[in-house]
Amino acid sequence: MNTTDIIRPKTLNDFIGQQDIAMEVKIALHSAKSRNDAFPHTIFSGAPGLGKTSLAEIIASEMNVPFFPVLGASIRDEEGLRNILSQLPADGYDMQTGQVIVPGKVRYAIIFIDEIHRMKKSLTELLHTALEDFKLSMKIKNPLTGRTQSGLYWMLKFTLIGATNYLGVLPRPFVDRFMIQSCFEPYTEAEIIRIAYHSAKKLKLDITPEAITELASKSRGVPRILNRFLLRARDVAIYAGVTQITLQIVQEMFQIQNIDELGLTKLDRRVLEYLAAVIRPIGIGAISQAVGEDSNTIENLVEPWLVRLRLMVKTQQGRQITELGLQHLGQSNPFQQSIIKL
Ligand code: ADP
């Protein structure tokens, strides 16, 4: 098992935080299992690294059904989509009629589409009947006439779980077909600390409480970032020839990674410095060009943290640095222009 697999939560009890979502999942799991039915179609939205894939895997494991993960962008055409659906297990079905004949044998598999917003609209439309009635529009060649006919044909029942950070980009009629729609939020510092203890235990690391607190304070409420820092701190400890991860080891790791006392990376500082240089509100495209990084990365990884620390604000006019942001860079407002004090 690789390190990512070791750390990843395996059961709902292991899954820390996101209480509302976990409760909704718990209830739906209980209901689906009692009725011997499929888990409802679900869409998880929220920034990368917040646990969407982990929770989808937990659902599959709690339901004891196969899990087929796929990236939205990799489903190029109708054939690609049908290939994915053709992997579904047919146990318990009469393949001639599509009727369930041995209910105890049926396993309603989970197809997990990560970055589902990257699927073409025409493909999401093809899924409408699959999600609602478990029927799929197909072109089938008639062996007698040799002609190709299209029609709606039955398919195996399944669960679709989609994950995205761009829920608004998905067509509304598609989103409406997901019974559960949950939005993941960044974790509180207390939750991140609990996750850190969990990960450290699974990796059998000796780490002090001060070191954990320091790691958590700079993890942006994102478990994936926390786990990355934890592994880097382990490397620094090994390099230093010590067995315990102490506050000093963590601080050294942050210094090596060029992460400052507020947890800002080089990229965060470049964005902030650019905002300080222009001072007025500015669009994401201009920031992206100026710092040479794609706008998705800036929107998903940089901005949430800068906003949470109140170093910048997002207004209708664009992104703007705050007084706190200027102070962090050790600058004052050069034009005495009215900027936002938070
Ligand atoms: P996403 O799919 O939202 O990008 P992942 O499910 O891949 O995020 O989570 C990234 C990593 O963070 C996982 O490998 C897991 O170790 C950890 N993680 C995420 N959420 C939690 C949680 N609620 N409790 C414990 N660990 C978590």
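Counting convention: from 1, in listed order, for ligands and their atoms alike. Worth saying up front: this structure is predicted, and the values here are computed from it rather than measured.
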Nearest-contact summary for [atom] - protein heavy atom, Å:
| atom | value |
| --- | --- |
| atom 4 (O) of ligand 1 | Gly49 N, 2.7 Å |
| atom 2 (O) of ligand 1 | Thr53 OG1, 2.5 Å |
| atom 8 (O) of ligand 1 | Gly51 N, 3.0 Å |
| atom 7 (O) of ligand 1 | Arg224 NH2, 2.9 Å |
| atom 18 (N) of ligand 1 | Pro223 CB, 3.4 Å |

Quick one: are the ring centres of Phe67 and Phe112 less than 6.0 Å apart?
yes

When the ring centroid of Phe39 is compared with that of Tyr108, is the distance short of 6.0 Å?
no

Using heavy-atom distances only, which candidate in Glu191, Lys52, Lys10 approaches atom 3 (O) of ligand 1 most closely?
Lys52

Side-chain touch Phe134/Phe158, heavy atoms, less than 4.5 angstrom:
yes

Taking C-beta and beyond as the side chain, do Thr208 and Gln244 meet within less than 4.5 Å on heavy atoms?
yes

Please determine whether side-chain hydrogen bond (donor to acceptor under 3.5 Å, both in side chains) holds for the pair Ser31 and Arg35, giving the CA-CA distance in whole Å, both sets of side-chain angles, and the decisive distance to 0.1 Å.
CA-CA 6 Å; Ser31 166; Arg35 292 179 293 106; 3.0 Å; yes

Hey, is Asn227 touching ligand 1 through its side chain, its backbone, both or neither, going by heavy atoms under 4.0 Å?
side chain

Could you see which bit of Tyr187 sits under 4.0 Å from ligand 1, with heavy atoms only: side chain, backbone, both or neither?
side chain

Scanning both residues in full, the closest heavy-atom pair of Gly72 with Met119 reads O-CG, 3.7 Å

Using a 4.0 Å cut-off to any heavy atom of [X], which atoms of ligand 1 qualify?
| X | result |
| --- | --- |
| Pro48 | 4 (O) |
| Ile7 | 16 (O) |
| Ser54 | 5 (P), 6 (O), 9 (O), 13 (C), 15 (C) |
| Ile16 | 22 (C), 23 (N), 24 (N) |

Within-shell test, Arg8 vs ligand 1, heavy atom, strictly < 4.0 Å
yes

Min N/O separation Pro9 to ligand 1 under 3.5 Å
no

Decide whether an N or O pair under 3.5 Å exists between Leu50 and ligand 1.
yes

Please work out whether the ring planes of Phe184 and Phe15 are parallel, tilted or perpendicular, with thresholds of 30° and 60°.
perpendicular

Using the six-membered ring of Phe254, assess whether NZ or CZ of Lys218 lies under 6.0 Å from its centre and within 45 degrees of the ring axis.
yes

Only pairs under 3.5 Å count here: list side-chain donor-acceptor contacts from residues 222-233, not counting sequence neighbours, and write none if there are none.
{"residue": "Asn227", "atom": "OD1", "partner": "Ser199", "partner atom": "OG", "Å": "2.8"}
{"residue": "Arg232", "atom": "NE", "partner": "Asp235", "partner atom": "OD2", "Å": "3.2"}
{"residue": "Arg232", "atom": "NH2", "partner": "Asp235", "partner atom": "OD2", "Å": "2.7"}

Pairing of Glu62 and Lys10 as salt bridge, 4.0 angstrom limit:
no

